Number of protein chains: 2
Amino acid sequence: MKKILIADDEPDILEFLKYNLVKEGFEVSTANNGVEALKVAYSAHPDLILLDVMMPEMDGIETCRKIRETAALKNTFIIFLSARAEDYTQIAGLESGADDYIVKPVKLRVLISKIKAFFRRAEEQEGNKIFIKELIIDKDKYTVAKNKKELHFPKKEFELLFMLASKPNKLFTRDEIYNKIWGNEIIVGDRTIDVHIRKIRDKLGDDLIKTIKGVGYKFDNHE
Amino acid sequence: MKKILIADDEPDILEFLKYNLVKEGFEVSTANNGVEALKVAYSAHPDLILLDVMMPEMDGIETCRKIRETAALKNTFIIFLSARAEDYTQIAGLESGADDYIVKPVKLRVLISKIKAFFRRAEEQEGNKIFIKELIIDKDKYTVAKNKKELHFPKKEFELLFMLASKPNKLFTRDEIYNKIWGNEIIVGDRTIDVHIRKIRDKLGDDLIKTIKGVGYKFDNHE
DNA sequence: AAAAAATATCAAAAAATTATGAAAAAAGAA
DNA sequence: TTCTTTTTTCATAATTTTTTGATATTTTTT
């Protein structure tokens with residue numbers, strides 16, 4: 001669940017944004033000025049900060065600069081949300097380290113879409129991992145770990161396991177497997193899948209992959 | 001040097017943006033419509049695409065969707081740049097996979113600041129120095145030190161090592177490596193990567209880089 | 001229970017892929 | 001140019017992965 005910090009000196013705006021972002025499923029904290037925003041940022045480590053430019057105590061640009069000096073917050077997105085539309089303010093905001101500068105007024109739905117675009121990009125880096133039973137299958141690292149111990153899986157075995165594990169308990173017919181792993185051009189004998197399945201079972205144990213005779217295989221995930 | 005693709009059906013805008021972005025030090029290619037944009041994107045692998053929404057042949061949103069389906073372009077930033085300001089168009093644009101939606105007219109300096117903000121964020125992930133195991137890899141100086149002892153690495157070897165070491169344990173496919181180190185224009189034989197890998201291994205030892213047969217290589221960082 | 005059908009298993013063969021050394025080609029420097 | 005370094009290619013060896021084929025076992029059908 002992503003955490004958002006909103007810093008604005010107008011209570012109405014704060015309340016409105018908080019209400020709507022919570023409704024979207026975000027965890028929201030608020031601050032009324034720059035100093036407070038910094039304090040909350042240090043302790044709550046939000047994933048994204050919506051920052052007003054004009055605030056008492058410390059303005060948004062200065063706040064942004066300070067946040068960027070903090071190593072622990074370097075992955076935090078900062079978006080300015082301000083009524084001030086002059087070029088130089090926008091440029092100053094972006095150059096102080098913000099990721100975006102949005103001029104108010106902005107439609108709520110548009111703002112939410114922009115926020116989601118940032119998170120989508122961030123999540124992309126995190127990679128394709130499947131956590132299932134005592135396994136961690138990591139497609140980016142091309143590893144399968146069982147109880148923290150990494151095992152080596154050659155290409156075909158990895159692809160087959162990944163396919164089955166990506167939809168636990170779903171039955172994959174032999175045809176589906178052939179099509180996905182080998183494609184339409186390559187034709188291999190009937191025993192090829194079996195042998196690969198056996199090799200996976202050798203490494204991970206016999207219980208994980210279940211045979212449905214006459215049909216196919218499935219990754220069994222009933223505790 | 002970052003590559004930017006601009007897609008717009010108005011030649012004046014295209015020319016204006018190209019001129020100014022080149023002046024900023026970017027490598028700029030252009031396209032007059034969506035279909036053309038796709039073609040250029042596939043071959044040139046830009047780091048960022050400025051996309052108009054209304055274009056003949058294929059509109060921007062459809063273009064964006066198609067780009068996002070391409071694995072090789074998943075790290076490419078997409079920014080819509082459009083005169084259409086309605087909420088739903090902006091939302092549709094962002095939901096089609098774009099990173100930002102900027103409503104025209106926009107001041108050139110502001111646009112450039114936003115573009116730089118994206119690149120800053122992307123580069124931040126990389127960093128110019130890597131400390132890993134007994135190695136210090138310094139991109140500014142183009143040197144690799146093993147146990148404080150500096151070793152000489154020619155360009156290609158260095159880039160390859162840097163790429164692998166920048167994301168320890170991540171698997172890089174041969175295609176990814178070719179794209180990043182050689183680019184799409186240059187075509188080299190199948191054994192070229194192997195030879196470079198061997199040279200790196202000669203200098204640093206055989207254990208650092210691990211081969212995943214049929215897939216690629218990775219920098220191994222387990223102790 | 002027997003026959004039929006499908007999968008499991010093993011070792012060996014085949015195929016695919018990478019490692020390696022040396023040399024040619026290309027790029028840079030003097 | 002000439003020399004040096006870097007990059008790429010090529011042929012062959014070494015290795016790993018994938019597939020096959022024979023036989024055993026299990027499940028389903030009759």
Side-chain angles (χ1 to χ4, degrees), chain A residues 139 142-144 150-164 171-220, chain B residues 137 139 141-144 150-164 171-220:
Chain A
K139 199 164 198 182
Y142 222 80
T143 56
V144 178
E150 279 193 4
L151 302 164
H152 175 65
F153 274 68
K155 193 176 174 201
K156 284 277 188 293
E157 280 171 51
F158 186 89
E159 285 178 356
L160 180 50
L161 174 64
F162 193 88
M163 179 184 188
L164 296 174
L171 172 79
F172 290 88
T173 67
R174 284 173 164 262
D175 277 351
E176 275 180 280
I177 295 173
Y178 279 125
N179 268 304
K180 177 95 173 180
I181 311 281
W182 280 269
N184 285 321
E185 288 104 64
I186 295 127
I187 294 166
V188 290
D190 273 350
R191 299 276 61 73
T192 305
I193 287 183
D194 314 26
V195 174
H196 284 293
I197 292 282
R198 179 176 59 74
K199 290 189 174 169
I200 295 173
R201 284 174 173 158
D202 281 349
K203 288 171 186 158
L204 302 179
D206 285 353
D207 311 330
L208 282 179
I209 296 172
K210 201 172 169 187
T211 305
I212 312 294
K213 235 174 180 176
V215 195
Y217 297 91
K218 68 173 171 178
F219 190 101
D220 204 41
Chain B
I137 307 171
K139 195 163 198 178
K141 297 198 298 183
Y142 251 73
T143 58
V144 178
E150 274 201 5
L151 301 165
H152 173 64
F153 272 70
K155 189 164 176 245
K156 283 278 185 295
E157 279 171 53
F158 183 89
E159 286 177 352
L160 179 50
L161 174 63
F162 192 87
M163 179 182 188
L164 297 174
L171 173 94
F172 290 87
T173 66
R174 283 171 167 265
D175 278 351
E176 277 180 281
I177 295 172
Y178 278 125
N179 269 309
K180 178 96 173 180
I181 312 282
W182 281 269
N184 293 64
E185 285 103 66
I186 297 127
I187 294 166
V188 289
D190 273 350
R191 300 274 62 74
T192 305
I193 288 182
D194 314 26
V195 175
H196 284 290
I197 291 280
R198 180 174 58 75
K199 291 189 174 169
I200 296 172
R201 283 174 174 159
D202 281 349
K203 289 172 186 157
L204 302 178
D206 283 354
D207 308 332
L208 279 181
I209 297 172
K210 199 173 165 189
T211 306
I212 311 292
K213 254 190 167 167
V215 194
Y217 295 92
K218 64 173 160 178
F219 189 102
D220 202 45

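Proteins come first, then strands; the chains are lettered A, B, ... in the order of their sequence lines, and each starts at number 1. Note that this is a predicted model, so its numbers are computed, not measured. These numbers come from the heavy atoms of this one structure, side chains and all, not from hydrogens, waters or symmetry mates.
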- Report the distance from atom CZ of Phe172(B) to atom CD1 of Ile181(B), rounding to the nearest 0.5 Å. 9.0 Å

- Compare side-chain N and O positions of His196(B) against OP1 and OP2 of dT7(D) and report whether any pair is under 4.0 Å apart. no

- Query: Does the distance from a Lys or Arg side-chain N to an Asp or Glu carboxylate O, for Asp202(B) and Arg198(B), drop under 4.0 Å?
  - Reply: yes

- Message: If you apply the rule side-chain contact (heavy atoms from CB on, under 4.5 Å), what do you find for Tyr178(A) with Ile187(A), and how did you get there?
- Response: CA-CA 9 Å; Tyr178(A) 279 125; Ile187(A) 294 166; over 6 Å; no

- Query: Tell me: NZ of Lys155(A) to P of dT15(D), nearest whole Å?
  - Reply: 22 Å

- Considering just the side-chain nitrogens and oxygens of Arg191(B), establish if one lies under 4.0 Å of OP1 or OP2 belonging to dT7(D). no

- Query: Start at the 5' end of DNA chain C and walk down; is the nucleotide closest to Val215(B) or to Arg174(A) reached first?
  - Reply: Arg174(A)

- Respond yes when some side-chain nitrogen or oxygen of Tyr217(A) is under 4.0 Å from OP1 or OP2 of dA8(C), and no when none is. yes

- Message: Would you say Trp182(A) places a side-chain N or O within less than 4.0 Å of OP1 or OP2 belonging to dT19(D)?
- Response: yes

- Message: Can you measure Tyr178(B) atom OH to dT7(D) atom C1' for me and round it to whole angstrom units?
- Response: 13 Å

- Whole angstrom is fine here: how far is it from CD1 in Ile193(A) over to P in dT20(D)? 12 Å

- Query: Is any side-chain N or O of Thr211(B) closer than 4.0 Å to OP1 or OP2 of dA19(C)?
  - Reply: yes

- Nucleotide dA25(C), atom C1' - distance to CD1 of Ile187(B) in whole Å: 18 Å

- Message: Is the ring pair His196(B)/Trp182(B) parallel, tilted or perpendicular, if the boundaries are 30 and 60 degrees?
- Response: tilted

- Message: Could you tell me how far apart Asp206(B) (CG) and dA14(D) (P) are, to the nearest whole angstrom?
- Response: 16 Å

- Of Val195(A) and Lys213(A), the one whose nearest nucleotide on DNA chain D sits closer to the 5' end is Val195(A)

- Query: Given atom CZ of Phe153(B) and atom P of dT7(D), what is their separation to the nearest angstrom?
  - Reply: 12 Å

- Query: Any side-chain N or O of Thr192(B) less than 4.0 Å from the OP1 or OP2 oxygen of dT7(D)?
  - Reply: no

- Are any of Arg198(A)'s side-chain N or O atoms less than 4.0 Å away from OP1 or OP2 of dT7(C)? no

- Query: What is the distance, rounded to the nearest whole Å, between atom CG of Asp194(A) and atom C1' of dT23(D)?
  - Reply: 14 Å

- Message: Below the 4.0 Å mark, does dT17(D) have OP1 or OP2 next to a side-chain nitrogen or oxygen of His152(A)?
- Response: yes

- Task: Once you apply the 3.5 Å cut-off to both distances, tell me the Watson-Crick or G-U wobble partner of dT30(D), or none.
- Result: dA1(C)

- Note on the structure: Per nearest nucleotide of DNA chain D, the residue lying toward the 5' end, Lys199(B) or Pro154(A), is Lys199(B)

- Message: Rounded to whole Å, how long is the line connecting atom CZ of Arg201(A) with atom C1' of dT26(D)?
- Response: 12 Å

- Message: Would you say NZ of Lys203(A) has more than 12 non-hydrogen atoms from neighbouring residues, nucleotides or ligands within 6.0 angstrom?
- Response: yes

